[in-house]
**Student:** 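Once you've had a glance at the structure underneath, I'll fire off some questions.
Protein chains get the first letters and strands the later ones, always in sequence-line order, with residue 1 at the start of each.
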Amino acid sequence: MATSKPSLPKGTRDFGPEQSAKRSYIIETIKNNFIKYGFSQIETPAMEQLSVLTGKYGDEGDQLLFKIMNSGDYLKKSDSTDFEKGSAHLLPKISEKGLKYDLTVPFARFVVMNQNDITFPFKRFQIQPVWRADRPQKGRYREFYQCDADIVGTDSLVNEAELTQLIHDVYNDLGYKGFVLKINHREILMELARYAGLAGKEMPFCVIIDKLDKVGQEKVIEELLAIGANQEKLADVINSFSTEGENTLKVEMIEKVIGSNRGTKELTEYFDFLQSYGTENLQIELDFSLARGLSYYTGIIFEVKATDVQIGSITGGGRYDNLTGVFGLQGTSGVGISFGLDRIYDVLEEKGLFPPSLTQSSDVLITHFDEECMKHGLGLLKQLRAAGIRAEMFPESVKMKKQFNYADKKEIPYVLVIGSEEIKRGEYSLKNMKDGSQEMLSIERIIESITDQK
RNA sequence: GUGGUUGUAGCUCAGUUGGUUAGAGCGCCUGAUUGUGGUUCAGGAGGUCGUCGGUUCGAGACCGAUCUUCCACCCCA
């Protein structure tokens, strides 16, 4: 077989020991909080039936799905006429599976398939990779991890309040403060669209509105007029976006424009729950222009944006009233959030917020001069590990310099040296790699010494 | 998916209008130091110039395709 330069598929990455340790740190932080709030972990396959995935994320989303070709002779279900009719006709004949695009839709499938075993309300969390055939950029990968927590089987807005608190706990634990948590209600967007004379065009309205902070007011107004918005009414809508002040006041303001509705009622109730938490330090910004893309959201929606790093949204979520409906289970409402592990990593890295020395290394390295000393070392390894000390031995009797160099590179704080003299005395040289000091100690004293320093 | 951008040693990068044998710093290896790393000194290894094709007497440089990187759309974690 001809040799070739190895390479990775576009938008995928390897993670070395240091990166993996940092990723684990974020995952553990999020996971601990999920557990603290009463969520239970589940996992679903990397691949789903294409029929489960397609049509759930809009036309754009379908385009971004990674399809898996059928196994074996993948052309056997198709003929040349399928090929001539184009890719849309050919696709279902050669591909029946796809890589999952997010964790919410597979979760909805899970709920429907396991509805008889699940006790509602069901609180689950899930930390797994997802795949999107997007053009990669900074903070945008084709394979990335989502950390989701959802509650299904309850309409209570207490859940929204809980998730809000959870978001703050996670970022507090990670030591990141440069974020803003924005919220809105899908129903308010719908009402605003109708008010502006865009009944039936609510979704295009959302897409345009969502770009407000990016392209500016004038461009948004221009685009909305182009799809048929009423100029005067639109001015009221745009003005409502720039309302300043307390979130509860903003709700009152918007009610003056579009009247009381499900959105304003729910937001009022939600803010009331937050108040009852007794914590006043939550930074939440009600932003009527926040739209969020995923088409299945119907109630309150969340988005966490990094303000001091150019990376966009690092956490998103919201309520979906009827997600399981498409799989035949009606009337099951859910609300959830999704933390973007890879983007959070990029933020913590850029802001220098990772704790020092996350990489796991041994506490002590055993070095030796020859085969006999090495064998002797195996017994010591066992004793060290039994005492809870992370210990490893250099596996070859090479020059001391090389063995010490290894300890230095791996930042192992202690080196234990075994020579014939040491074996005779039953004491070993223990060198502290940080200050360079060294003394002869029995294995018991060595264990004490290292344990004290840990 | 549309438009642009990037690729030279393990890493960060030089490389003149196309012209002999493609360089530097850091890292790596060896020795000074045959029982000791991180400092110092001396020496050494390492490159199909992303890949394939084309133009040319001659290509790292020019042209085309392709892969990859980053960016703007689109969309999103």
**Student:** Heavy atoms only, 4.0 Å cut-off, all strands: where does Gln137(A) land among base, sugar-phosphate and nothing?
**Tutor:**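 Result for Gln137(A) = base.
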**Student:** From the list G37(B), G35(B), A77(B), which nucleotide is the closest neighbour of the side chain of Phe369(A)?
**Tutor:**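 Comparing G37(B), G35(B), A77(B) against the side chain of Phe369(A), the answer is G35(B).
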**Student:** Base, sugar-phosphate alone, or nothing: which one does Lys10(A) contact when heavy atoms must sit under 4.0 Å apart?
**Tutor:**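 It contacts sugar-phosphate atoms only.
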**Student:** Could you tell me how far U16(B) sits from A59(B) if I compare only their C1' atoms? Round to whole Å.
**Tutor:**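 The same atom, C1', in both gives a distance of 15 Å.
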**Student:** Ion pair present between Asp308(A) and Lys351(A), side-chain N to carboxylate O less than 4.0 angstrom?
**Tutor:**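 Result for this pair is yes, salt bridge flagged.
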**Student:** Angle class for the Tyr171(A)/Phe339(A) ring planes (parallel below 30°, perpendicular above 60°, tilted otherwise)?
**Tutor:**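 It falls in the tilted class, 30° to 60°.
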**Student:** On a whole-Å scale, what distance lies between the P atoms belonging to A14(B) and G31(B)?
**Tutor:**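 Per the computed distance, 36 Å lies between those P atoms.
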**Student:** Expressed as a whole number of Å, how far does the C1' atom of A9(B) sit from that of U48(B)?
**Tutor:**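 After rounding to an integer number of Å, I get 13 Å for this pair.
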**Student:** Taking the side chain of Arg132(A) as heavy atoms from C-beta outward, which of G37(B), U30(B), A77(B) is closest to it?
**Tutor:**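 Output: A77(B).
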**Student:** With nearest nucleotide decided by heavy atoms, which residue, Met400(A) or Lys211(A), maps closer to the 5′ end of RNA chain B?
**Tutor:**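 Upstream on the strand: Met400(A).
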**Student:** Side chains of Tyr296(A) and Asp321(A): is there a donor and an acceptor less than 3.5 Å apart?
**Tutor:**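 No, because no side-chain N or O of Tyr296(A) sits under 3.5 Å from a partner of the opposite role on Asp321(A).
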**Student:** For C73(B) versus G18(B), give the span between their P atoms, rounded off to a whole number of Å.
**Tutor:**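 Here C73(B) and G18(B) have their P atoms 36 Å from each other.
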**Student:** From CZ of Phe404(A) over to P of G38(B), roughly how many Å is that when rounded to an integer?
**Tutor:**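 These atoms are roughly 11 Å apart.
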**Student:** If pairs are Watson-Crick or G-U with both distances under 3.5 Å, what is the dot-bracket string of RNA chain B, marking crossing pairs with [ ] and pairs to another strand with |?
**Tutor:** ((((..(..((((.....[...)))).(((((.......))))).....(((((..]....))))))..))))....
**Student:** Counting side-chain heavy atoms from CB outward, which of A77(B), G35(B), C29(B) is closest to Val417(A)?
**Tutor:**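 Nearest listed nucleotide: G35(B).
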**Student:** Can Arg23(A) be said to sit on top of Phe15(A)'s aromatic six-ring, NZ or CZ under 6.0 Å from centre and within 45° of the ring axis?
**Tutor:**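 Yes, a cation-pi geometry.
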**Student:** What's the gap between U39(B) and G23(B) when it is taken at their C1' atoms, as a whole Å value?
**Tutor:**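 Looking at atom C1' only, U39(B) and G23(B) are 28 Å apart.
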**Student:** For Phe339(A) and A77(B), are the ring centres under 5.5 Å apart with planes inclined under 30°?
**Tutor:**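 No; centroid distance or tilt outside limits.
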**Student:** Is Arg343(A) side chain donor-acceptor paired with the C76(B) base, going by distance under 3.5 Å alone?
**Tutor:**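 Yes, the side chain and the base share a sub-3.5 Å donor-acceptor pair.
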**Student:** Looking across every strand, which nucleic acid part, if any, lies under 4.0 Å from Gly317(A) by heavy atom: base, sugar-phosphate, or nothing?
**Tutor:**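 No contact at all - Gly317(A) keeps every heavy atom at 4.0 Å or more from the nucleic acid.
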**Student:** So that I can tick it off, tell me whether Lys375(A) and Glu372(A) are bridged by a salt bridge, with the cut-off set at under 4.0 angstrom between side-chain N and carboxylate O.
**Tutor:**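 Salt bridge between Glu372(A) and Lys375(A), a charged N being under 4.0 Å from a carboxylate O: no.
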**Student:** Would you check if Phe302(A) and Arg319(A) make a side-chain contact, meaning some heavy-atom pair closer than 4.5 Å?
**Tutor:**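 They are not in contact (no side-chain heavy atoms under 4.5 Å apart), so the answer is no.
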**Student:** Could you work out which one of G1(B), C71(B), U36(B) sits closest to the side chain of Ser429(A)?
**Tutor:**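 Of G1(B), C71(B), U36(B), U36(B) is nearest to the side chain of Ser429(A).
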**Student:** Taking NZ, NE, NH1 and NH2 as the nitrogens, is one of them in Lys138(A) or Asp346(A) under 4.0 Å from a carboxylate oxygen of the other?
**Tutor:**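 No salt bridge links Lys138(A) with Asp346(A).
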**Student:** Taking the P atom of each, how far is U5(B) from C26(B), in whole Å?
**Tutor:**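 Going atom to atom, P in each nucleotide, I get 35 Å.
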**Student:** Could you measure between the two P atoms, the one in C49(B) and the one in G10(B), and give it in whole Å?
**Tutor:**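 Result for the P pair: 13 Å, nearest Å.
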**Student:** If I pick the C1' atom on A77(B) and the same atom on C67(B), what distance separates them, to the nearest angstrom?
**Tutor:**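 About 26 Å, rounded to a whole number of Å.
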**Student:** For C28(B), does either OP1 or OP2 sit under 4.0 Å from a side-chain N or O belonging to Lys409(A)?
**Tutor:**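 Yes, because at least one side-chain N or O of Lys409(A) sits under 4.0 Å from OP1 or OP2 of C28(B).
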**Student:** Given U33(B), is OP1 or OP2 found less than 4.0 Å from the side-chain N or O atoms of Lys399(A)?
**Tutor:**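 Answer is no, no contact under 4.0 Å.
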**Student:** Do the side chains of Arg13(A) and Asp342(A) get close enough for a salt bridge, i.e. N-O under 4.0 angstrom?
**Tutor:**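 Counted as a salt bridge, because a side-chain N and a carboxylate O are separated by less than 4.0 Å.
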